[in-house]
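Note sheet for the following structure.
In what follows, every chain begins at residue 1, and chains take the letters A, B, ... in the order their sequences are listed.
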Amino acid sequence: MKTKCTNYITLEFLSHSANEGFARGAVACFAAQLDPTLEELGDIKTAVSEAVTNAIVHAYPDRLGKIVIKARILEENVLELSVRDWGRGIADVEKARQPLFSTGGEERSGMGFTIMESFMDRLTVRSQEGKGTRVTMRRRIQPRRAVQ
Amino acid sequence: MEMKYKTENRQLTITLTGELDHHAAKDLMDSIDRCMEQNLPTKTLLDLGGLTFMDSSGIAVVLRAKRRMEALSGTLVVVNIPRQASRVLETAGLGRYVDLV
Ligand SMILES: Nc1ncnc2c1ncn2[C@@H]1O[C@H](COP(=O)(O)OP(=O)(O)O)[C@@H](O)[C@H]1O
Ligand SMILES: [Mg+2]
């Protein structure tokens, strides 16, 4: 897999829920240079929102902590996003990724990972209990020819 | 995120505009609960037409509204679902539990 990076940004912010909109908006602005369709942009925003919300809700359930997003543009119009936290981590990642699995209350649906997985081309989750979690996603933006 | 509602013959219409994420969902759930308790509708239309964004937090909002309506022996119908929100609801298979129009 080619991974040469041609452009990137890094965003660091505190796990306030008010930052959810900022995070997906900022990533969408950065992704705009790949000339995505509205639907592709919607998918990317949704995936970012899910990963960031998880860091806010699950990684730091009773305190505020640091969240870092890296967005990279790789060869062949691929957008790579990583969302990282230094929170409580996930004991069993495979189980956490199952549809409907949730340790949250009635407020959560357990569909976050399922949505990230189906809206993006690739999803990897690395986590260590007590140390934190890094969610990495890739999505290739369909190159579009200019319409005359 | 803004919520408006109107009632007519015990039919409640709740209209949402803006972005429905986890940040907005907390207050929204409370507002919908209160609105249903005050109006005791037999049918609720949840109009998503004004949403510019929705993530899986919206699924929890819809399911909760559905359960509240069931507790009132009423029904819930979700209408005017924008494309992005509809992709989220479809991925979750929500059409099996809730009327999506
Ligand atoms: N960043 C994270 N830190 C700790 N736990 C997490 C994180 N992300 C996800 N999880 C765990 O994985 C579960 C499933 O996540 P998800 O599919 O997004 O569903 P939901 O957020 O609705 O619970 C969560 O309930 C939580 O237990
Ligand atoms: Mg989640």
Side-chain angles (χ1 to χ4, degrees), chain A residues 13-28 36-61 67 83 96-102 104-120 123 139, chain B residues 1-2 16-34 36-37 46 48-71 76 78 80-98 100:
Chain A
F13 54 94
L14 208 51
S15 60
H16 280 293
S17 64
N19 288 332
E20 292 160 6
F22 161 75
R24 62 178 176 265
V27 171
T37 60
L38 272 183
E39 178 153 321
E40 287 168 329
L41 214 48
D43 287 357
I44 290 162
K45 279 167 85 169
T46 312
V48 171
S49 202
E50 296 300 342
V52 168
T53 301
N54 279 354
I56 290 171
V57 175
H58 304 298
Y60 304 114
I67 299 174
V83 178
R97 288 178 63 156
Q98 298 296 314
L100 300 178
F101 177 86
S102 178
E106 209 204 6
E107 278 191 7
R108 311 297 335 141
S109 64
M111 293 305 293
F113 279 133
T114 306
I115 287 169
M116 289 182 246
E117 212 168 296
S118 58
F119 282 28
M120 303 295 273
L123 170 73
R139 171 78 187 254
Chain B
M1 164 96 259
E2 204 194 352
L16 304 182
T17 38
E19 307 208 329
L20 202 185
D21 60 7
H22 153 257
H23 180 65
K26 293 182 273 188
D27 285 346
L28 179 61
M29 283 184 180
D30 290 343
S31 305
I32 292 178
D33 284 359
R34 248 181 290 122
M36 286 176 174
E37 275 158 32
L46 187 60
L48 304 187
L51 285 187
T52 49
F53 177 82
M54 190 192 91
D55 66 15
S56 74
S57 310
I59 298 169
V61 170
V62 169
L63 286 175
R64 173 140 152 178
K66 162 88 174 163
R67 277 193 295 270
R68 295 286 144 140
M69 284 312 296
E70 276 170 359
L76 177 83
V78 185
N80 291 327
I81 309 170
R83 174 116 188 93
Q84 183 269 336
S86 140
R87 276 173 63 70
V88 170
L89 295 173
E90 271 167 29
T91 303
L94 215 71
R96 271 172 288 162
Y97 311 105
V98 183
L100 308 172

Side chain, backbone, both or neither: which part of [X] has a heavy atom under 4.5 Å from chain B?
{"X": "A:V57", "value": "side chain"}
{"X": "A:L100", "value": "neither"}
{"X": "A:N19", "value": "neither"}

Okay, side chain of [X], backbone of [Y]: is any donor-acceptor separation there less than 3.5 Å?
{"X": "A:S17", "Y": "B:H23", "result": "no"}
{"X": "B:T52", "Y": "B:G18", "result": "yes"}
{"X": "A:E40", "Y": "A:T37", "result": "yes"}
{"X": "A:E50", "Y": "B:S56", "result": "yes"}

Contact class of B:R83 relative to chain A, heavy atoms under 4.5 angstrom:
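Answer is side chain: those atoms of B:R83 sit under 4.5 Å from chain A.
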Identify which part of B:A25 has an atom lying under 4.5 Å from any heavy atom of chain A, answering side chain, backbone, both or neither.
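When you check distances to chain A, no heavy atom of B:A25 falls under 4.5 Å.
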Heavy-atom pair count under 4.5 Å with chain B, highest-scoring of A:S49, A:P99, A:G42, A:G112
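Looking at each option in turn, the highest pair count goes to A:S49.
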Under 4.5 Å, counting heavy-atom pairs only, tell me which of A:E107, A:E20, A:M111 racks up the most with chain B.
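With the most close heavy-atom pairs to chain B, the winner is A:E20.
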Can you check side chain to side chain contact (heavy atoms under 4.5 Å, CB included) on B:M29 and A:E106, steps first, answer last?
CA-CA 10 Å; B:M29 283 184 180; A:E106 209 204 6; 5.6 Å; no
Taking B:E19, B:H22, B:Q84, B:K26 one by one, which has the highest count of heavy-atom pairs under 4.5 Å against chain A?
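Looking at each of B:E19, B:H22, B:Q84, B:K26 in turn, B:H22 comes out on top.
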A side-chain contact here means heavy atoms from C-beta on lying under 4.5 Å apart; do B:D55 and A:I115 qualify?
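Sidechains of A:I115 and B:D55: no contact.
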